[in-house]
Amino acid sequence: MSVSSSLPHESAGLHVTGQARYVDDLPVPAGCLHLAFGMSSVARGMITAIDLEAVRAAPGVVAVYSAADFAVMPDCSPSLHDEPLLAVGEVHYLGQPVFVVVAESHLAARRAARLGRISYDERPAILTVEDALAAGSRFEGGPVIWARGDAAEAIAGAERVVEGSFEIGGQEHFYLEGQAALVLPQEDGAVVYSSTQHPTEIQHKVAEALDLPMHAVRVEMRRMGGGFGGKESQGNALAVACAVAAARTGLPCKMRYDRDDDMMITGKRHDFRIRYRAGVDTDGRVLGLEVTHLVRCGWSMDLSLPVADRAMLHADNAYWLPAVRIESHRLRTNTQSATAFRGFGGPQGMIGVERVMDHVAHTLGLNPLAVRRANYYPEASEAEAGPGEVTQDEPEVTGADRDLTSRGAVAEAGGPAPRTPRDISASKKTTPYGMEVEDFILHGLTEELQKSSNFAARQAAISEWNSTNAILKKGIALTPVKFGISFTLTHLNQAGALVHVYQDGSVQLNHGGTEMGQGLHRKVAQVAAAAFGIDDGRIRITATDTGKVPNTSATAASSGADLNGMAVKAACDTLRGRIAAFVAEKHGGTAAEVHFAGGKVFVGTEELTWEQAVAATYQGRVSLSATGFYATPKITWDRVKGQGRPFFYFAYGASVSEVVIDTLTGEYRILRADILHDCGTSLNPALDLGQIEGGYVQGAGWLTTEELVWDAKGRLRTHAPSTYKIPACSDRPGQFNVGLWQHPNREETIHRSKAVGEPPFMHGISAFLALSAACAACGPHYPALDAPATPERVLAAVARARGPKTACNDEL
Amino acid sequence: MHVTLTINDTKHSLDLDPRTTLLDAIRSHAGLTGTKKGCDHGQCGACTVMVNGRRINSCLSLAVMHDGDAVTTIEGLGTPEALSPLQAAFLETDGFQCGYCTPGQICSATAMLEEIRAGWPSHVSETLDGPALPTEAEIAERMSGNLCRCSAYPNIVAAIRLAAAEREDAA
Ligand code: FES
Ligand code: FES
């Protein structure tokens, strides 16, 4: 049986021989045209004139479109309909598309796009948190506030109060394959090839732009060269532009952003400033916590509201917070529209409370791990019964926005009124948003990791080492992860599948999930192979296709295998039931007794090959095609009240990082990382290990070397890998031990596995806090390290730790 | 301009704008799309190919500079039926996730192992006059020009070590 085995990626043979095709590799039909955007050169202003004469006259140019060429400007937003394909009247960020060139070649389009002359009446750009707060530039009427108890009173009554403010940078996705789309016009619609995590969204936006029903547009997606959230909504503009140009010219149209354009145009992870004030007892137990998230959302709404919500939902991470107040400001700035990125706000929310734990421990002179453990939610006991009854609310989609399959769909013009603090009585297992943590396993998991990583001994050795080394300092940190699994927009937690069994016994599998390297197709194929008791080789997964499985949700929120695996299983179970019923009737026995294993079908005393059983069923005139459907049970979420059970379950893990810093230069290395991560009963341990290792490195990259810099004019200065540093092979921890915590999921997920796409990303937090610990070893003060911890920031933190008197020369 | 390239033992006579990069010539004119474009700036390594046996970033080189040269791309290293040792090793260790960096990683690693064999030192080599060994540190250093955003690095390094070890055994 192939579930829970480490079979390689489904396209492995194609990948290693260069035969795996991505959108940019597809052979294009003759006459295919290529598109490029002409971009705004100011961050904010009114457009006073657009002169495109030189662009039109450039060699190879077929057409040029700007706002003047549209009666209604097509929209690319996944939420508020606030993202015109091309700027209309005003520009909102430096890099915003203003016109689009359609030319005979990619190069001709790009060269011509440089020739546009656009005049602006410039306005002062709102770039920073301060700018936005001063101008009242924000989404929704005011901050969103969720609270439990009276945090201010709890803090006032606490023995110690710890407070601070903390910068957390954004992150460029840097999917190695840039955004790309290819549109083939049809006699009554369009076929779209798009590198997207959300084919249904592309279908919806293209249909809207062409003023066609969705049935006239078919979107196909075979694979992406990485997505990480950056292809959930950011591919809309390319597909819509190509669709419009293809409709107007009658020719196939293709668009691919070059790397610099990609980085200038598309959104990134939201950067945050987090302010915190915690009241604690002498053991470091948090009695009350106030947190404020100041979120830079960029120029349009995109998915910012659910991202900021998820940050709030992870402001507790693994900790019971008796009295808590979380305030979230969604600030509108004249920068790229921040978007989904692995973790979807969760990492930012989580690192906020991890910073609080670190600061509390430092202030009280306690071991940070002891403080963390003192604040953990209580461990779920083995015997504990399943979750109680939860009433299912109706999905709350209303209003004019019919972009139902987008995570931004709840957004309505004007936004909901600010929420008022509320009070509920809660057990120590209750999150700030009223969900019971029924599956908490971090006590046991942490203990095992402490042992396997030899944590206590290494911590002691490091403080010993630090006492004898003046220039180099080491740091170690253990941080936990508790990450909620499900889309917080409840109705997105559904999936469909279409399974065909052909008369020769081969199986074709279609589902709504997209493959971006996470191995989703492999996992789903394993599920089908297990259901039919056949070899994986008999199963083929086709490209994701909106013509085969409709109304899909984005492959996001780590939900790919959970949702699509269950839908595929449902379809396979239906087909297996039909085959079983047929062969039982023919050979005797009951359908329930028919058994599928090892390529055989066992019926009564007889044994058929899978192929024989299939052929016989076909000849018996029984349908061998079935759809499957799955909707996640138990979840219900009221985002206005901030109450409910937004998550089906939590995925857990913990990691230990050890680093060394050079206090003269601020440079550092990650010496060793140990991770223990919960995948439930892993569907494919090799794929899961890959996700965990990759997640850690990407998470550590976010918090260390990956720095986005905008200048005073709002121009992104880090728009290529020369200036934006993602981790390279040599940045990997010197020693890297990753283990799976293999215990079945309490909830009935696909073969009791757990989602693994996003949660490991947050293990990178331990690398950051190890750096903080190393800085703290330089002096008596709290280093208050900001992220990303570039060498400059490490030096600043070292100076803060030493304090005003001992800075620089005294120490040496 | 007229340029003749021998790509994977096949002669290609191409009529090119002199500004065409070797990468674009391979992908768009010779129609071999296995070599990928990650940045087009010489910074990611996705476009790595071998020219006369040495690895280069094909996006940083003009096709006209290679008139008469022998270019090896991922397609020339092996096929699914007959994998090269490194291709087989990447398959064995699952040395990728999305696969977009993979052709560049494999071409780069193929040439890199030759560099080690020829005794070229690297930044982390203990001595400058060899012999260089395919250790983890050497591989990480010498492969740091090939970015993998999925961070499949542990398995990439494992694949290269595996291929290196197999070659030692065979030698
Ligand atoms: S595409 Fe050549 S190095 Fe990135
Ligand atoms: S496998 Fe995705 S970039 Fe390397």
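For the numbers below, each heavy atom of this structure counts, side chains included, while hydrogens, waters and symmetry mates do not. The sequence lines fix the lettering, A, B, ..., with proteins before strands; numbering per chain opens at 1.
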Between [atom1] of [X] and [atom2] of [Y], what distance do you get to the nearest 0.5 Å?
| X | Y | atom1 | atom2 | value |
| --- | --- | --- | --- | --- |
| Glu693(A) | Asn155(B) | CD | CG | 5.5 Å |
| Lys725(A) | Leu147(B) | NZ | CG | 7.0 Å |
| Thr102(B) | Leu14(A) | OG1 | CG | 11.5 Å |
| Glu75(B) | Thr17(A) | CD | OG1 | 8.0 Å |
| Cys98(B) | Arg223(A) | SG | CZ | 10.0 Å |
| Ile692(A) | Ser151(B) | CD1 | OG | 13.5 Å |

Discussion item. Applying salt bridge (Lys or Arg N to Asp or Glu O under 4.0 Å), can you list everything that pairs with Arg672(A), at least two apart in sequence or on another chain?
Written reply: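 Applying salt bridge (Lys or Arg N to Asp or Glu O under 4.0 Å) to Arg672(A) gives Asp674(A).
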Side chain, backbone, both or neither: which part of [X] has a heavy atom under 4.5 Å from chain A?
| X | value |
| --- | --- |
| Leu83(B) | side chain |
| Val124(B) | neither |
| Ala152(B) | neither |

Can you establish whether the number of heavy atoms outside [X] located under 6.0 Å from its atom [atom1] is more than 12?
| X | atom1 | answer |
| --- | --- | --- |
| Arg540(A) | CZ | no |
| Glu126(B) | CD | no |
| His2(B) | NE2 | yes |

Practice prompt. Could you go through the side-chain contact (heavy atoms from CB on, under 4.5 Å) check for His15(A) and Gln87(B) one step at a time?
Written response: CA-CA 9 Å; His15(A) 283 312; Gln87(B) 288 173 324; over 6 Å; no
I'd like to verify something: which residue of [options] has the highest number of heavy-atom pairs under 4.5 Å with chain A?
| options | value |
| --- | --- |
| Glu141(B), Arg142(B), Lys37(B) | Lys37(B) |
| Cys148(B), Cys101(B), Pro80(B), Gly76(B) | Pro80(B) |
| Gly34(B), Ala88(B), Gly38(B) | Gly38(B) |

For each of [options], tally heavy-atom pairs with chain B at distances under 4.5 Å, and name the one with the top tally.
| options | answer |
| --- | --- |
| Pro727(A), Gly226(A), Pro721(A), Ala20(A) | Pro721(A) |
| Arg256(A), Gln19(A), Arg111(A) | Arg111(A) |
| Gly694(A), Gly225(A), Cys729(A) | Cys729(A) |
| Met263(A), Gln698(A), Glu177(A) | Glu177(A) |

Discussion item. Report, in residue-number order, which members of residues 5-29 of chain B are under 4.5 Å from chain A by heavy-atom distance.
Written reply: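 Result: Arg19(B), Arg27(B).
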Discussion item. Quick one about Gln691(A) and Gln97(B) (side-chain donor to acceptor, distance below 3.5 Å, no hydrogens or angles considered), yes or no?
Written reply: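 Present: a donor and an acceptor within the cut-off.
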Indicate the atoms forming the closest heavy-atom contact of [X] with [Y], along with that distance.
| X | Y | answer |
| --- | --- | --- |
| Phe228(A) | Cys150(B) | CZ-SG, 3.9 Å |
| Leu91(B) | Ala12(A) | CD1-CB, 3.2 Å |
| Ala720(A) | Gln43(B) | CB-OE1, 4.1 Å |
| Ser144(B) | Ala728(A) | O-CB, 3.7 Å |

Item to complete: Evaluate the criterion side-chain contact (heavy atoms from CB on, under 4.5 Å) for residue pair Arg149(B) and Tyr175(A); output intermediate values, then yes/no.
Response: CA-CA 6 Å; Arg149(B) 186 45 152 172; Tyr175(A) 24 66; 5.8 Å; no
Worksheet item: Who passes side-chain contact (heavy atoms from CB on, under 4.5 Å) against Ala767(A), sequence neighbours left out?
Response: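 With neighbours one apart ignored, the set is Ser657(A), Ile670(A), Tyr696(A), Ala700(A).
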Practice prompt. Apply side-chain contact (heavy atoms from CB on, under 4.5 Å) to the pair Leu176(A) and Cys44(B), showing each step before the final yes or no.
Written response: CA-CA 8 Å; Leu176(A) 210 59; Cys44(B) 75; 4.3 Å; yes
Worksheet item: Going through the checks in order, is the side-chain contact (heavy atoms from CB on, under 4.5 Å) test met by Ser730(A) and Tyr153(B)?
Response: CA-CA 9 Å; Ser730(A) 43; Tyr153(B) 297 126; over 6 Å; no
Fill in: Proximal component of Phe736(A), with respect to chain B [non-hydrogen, under 4.5 Å]
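Answer is side chain: those atoms of Phe736(A) sit under 4.5 Å from chain B.
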Worksheet item: Hey, are the side chains of Arg732(A) and Pro154(B) touching, using non-hydrogen atoms and a 4.5 Å cut-off?
Response: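 They are in side-chain contact.
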Item to complete: Taking heavy atoms only and a threshold strictly under 4.5 Å, list by residue number the residues of residues 22-31 of chain A that touch chain B; give 'none' if the list is empty.
Response: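 The stretch touches chain B at Tyr22(A), Asp24(A), Asp25(A).
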